[in-house]
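As structure tokens, the structure follows; a few thoughts come after it.
Just so we're on the same page: letters track the sequence lines, and every chain starts at 1.
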Number of protein chains: 2
Amino acid sequence: MSEDTENLPIGRVSEATGMSVHALRFFEREGLFLREIPRSGGGQRIYQQADVDWLVLCNRLRASGMPIATIRKFAELIRSGPGNEPDRLALLQEHEQNVQAKIDELQACLGVIHTKVVIYEQHVQDGTAAGLWAPAPQQTSPQCQTPVPR
Amino acid sequence: MSEDTENLPIGRVSEATGMSVHALRFFEREGLFLREIPRSGGGQRIYQQADVDWLVLCNRLRASGMPIATIRKFAELIRSGPGNEPDRLALLQEHEQNVQAKIDELQACLGVIHTKVVIYEQHVQDGTAAGLWAPAPQQTSPQCQTPVPR
DNA sequence: CTAAAACCTAGAGTGCGCGCTAGGTCAAGG
DNA sequence: CCTTGACCTAGCGCGCACTCTAGGTTTTAG
């Protein structure tokens, strides 16, 4: 009946998640699943839709820069059953902050890059040529560590 | 007079840019500077403020995900003198698009993560416990490749 | 029943962006 | 002069997140 999304072999999970079968086996070796993936009589992995859903979330976390080690921590918290929800929440909140900070940094970089683009567009348009590669409209203040304080 | 920001040894450039001396030598080996860095009689590198400015821009490009190889292309274009400004512009524009795309992706991930955070906050507040780790309020549509089409 | 396709394990290899070590040389203060 | 610390080259090593290979087994379509 509902065997369309249940009892999935690794190839279907690969399709469903966009991950390679290598990556899926790697994830298992690294303990990133929420359970032991059961095997068929012949030793082949049999996934369920819930595993796919978890992988999809993992992909979001990875895409937003969470390292494998942190995903593993999160998976371990979930595997160790109820009772540690505050820890899980803290982990997610910290990552949320990291992502927001990354976005802010990228926005700042984007500003610098766009400034350069505009300069080059002007130059290409009317054939000027002067210090084109200069880093931005500023030359004397040597402070560039954390560009966007808030 | 202006020897405060001119004739800089590698240590001062390291301070000024936040890069390690290893990274600065690596950059030179990889041909990422806009010129040959001159040496003192004893073979030590002597940088100018313009080199620091370029490095600061490089750091912005790196921080926004531009690989070393692309920075090298850009540096080569600049080194080969005027005449290829449209190429430089194209390179910068492409990177600008990449950065914008990355920001959009991160925003999408942030949305998913924040949803999870809210769910956990609710749960932690009133002691519920049901499918907490589920990827998002959706279970049946298996499409998650390029999350933010535009 | 057979052949092809999918799957298995163990382990080695890859690309990036540096980091670090070894074994020295050079420059500035006392 | 001598010490100290910054600097030099050459090149190996590392951490991450896979990716690929080799050699074999299982499943499935015809």
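Under 4.0 angstrom from either OP1 or OP2 of D:dT27 there lies at least one side-chain N or O belonging to A:S40. For B:R45, a side-chain nitrogen or oxygen approaches OP1 or OP2 of D:dC8 to under 4.0 Å. For the OP1/OP2 pair of C:dT9 and a distance below 4.0 Å, the side-chain nitrogens and oxygens of A:R39 include at least one atom meeting the criterion. Contact check, B:S20 against C:dG19: a side-chain N or O comes under 4.0 Å of OP1 or OP2.
Donor-acceptor pairing under 3.5 Å is lacking for the side chains of A:Q122 and A:D126. Looking only at atom types and distance, the side chain of A:T70 has no donor-acceptor partner in the side chain of A:H95 under 3.5 Å away.
Within 4.0 Å (heavy atoms only), A:R25 reaches at least one base atom of the nucleic acid.
Using a 4.0 Å cut-off on heavy atoms, none of the residues of residues 63-73 of chain A approach DNA chain C.
A donor N or O paired with an acceptor N or O is not found under 3.5 Å between the base of C:dC18 and the side-chain atoms of B:H22.
Atom-to-atom, CG of B:N7 to C1' of D:dA6 comes out at 17 Å; the value is rounded to the nearest Å. For the pair B:F26 CZ and D:dC8 C1', the interatomic distance rounds to 18 Å; values are reported in whole Å. Nucleotide C:dA6 holds its P atom 15 Å from the CG atom of A:L24, rounded to whole Å. A straight line from CG of B:L32 to P of C:dC16 spans 13 Å, rounded to a whole angstrom. C:dG19 atom P lies 12 Å from atom CZ of B:R29, rounded to whole Å. Spacing between atom CD1 of B:I46 and atom P of D:dA6 amounts to 18 Å, rounded to whole angstrom units. Remark: C1' of D:dG5 and CD of B:E15 are 14 Å apart, rounded to the nearest angstrom. Distance, A:E30 CD to D:dT19 C1': 14 Å, rounded to whole Å.
Along DNA chain D, the nucleotide closest to A:R62 and the one closest to B:I10 are compared, and the more 5′ of them pairs with B:I10.
In B:E94, the CD atom is not crowded: 12 or fewer heavy atoms of neighbouring residues, nucleotides or ligands sit closer than 6.0 Å.
Checked for salt-bridge contact, B:E28 and B:R39 meet the test: a charged N lies under 4.0 Å from a carboxylate O.
In the set D:dC7, D:dT19, C:dG19, the nucleotide with an atom closest to the side chain of B:P9 is D:dC7. Taking the side chain of A:Q44 as heavy atoms from C-beta on, and the options D:dC18, C:dG19, C:dC7, the nearest nucleotide is C:dC7.
When the side-chain hydrogen bond (donor to acceptor under 3.5 Å, both in side chains) test is applied to B:H114, the partners found at least two apart in sequence or on another chain are A:E96.
In this structure, the separation between OG1 on B:T115 and CZ on A:R60 is 10.0 Å, given to the nearest 0.5 Å.
By the 30° and 60° cut-offs, the orientation of the rings of A:W54 relative to A:F74 is tilted.
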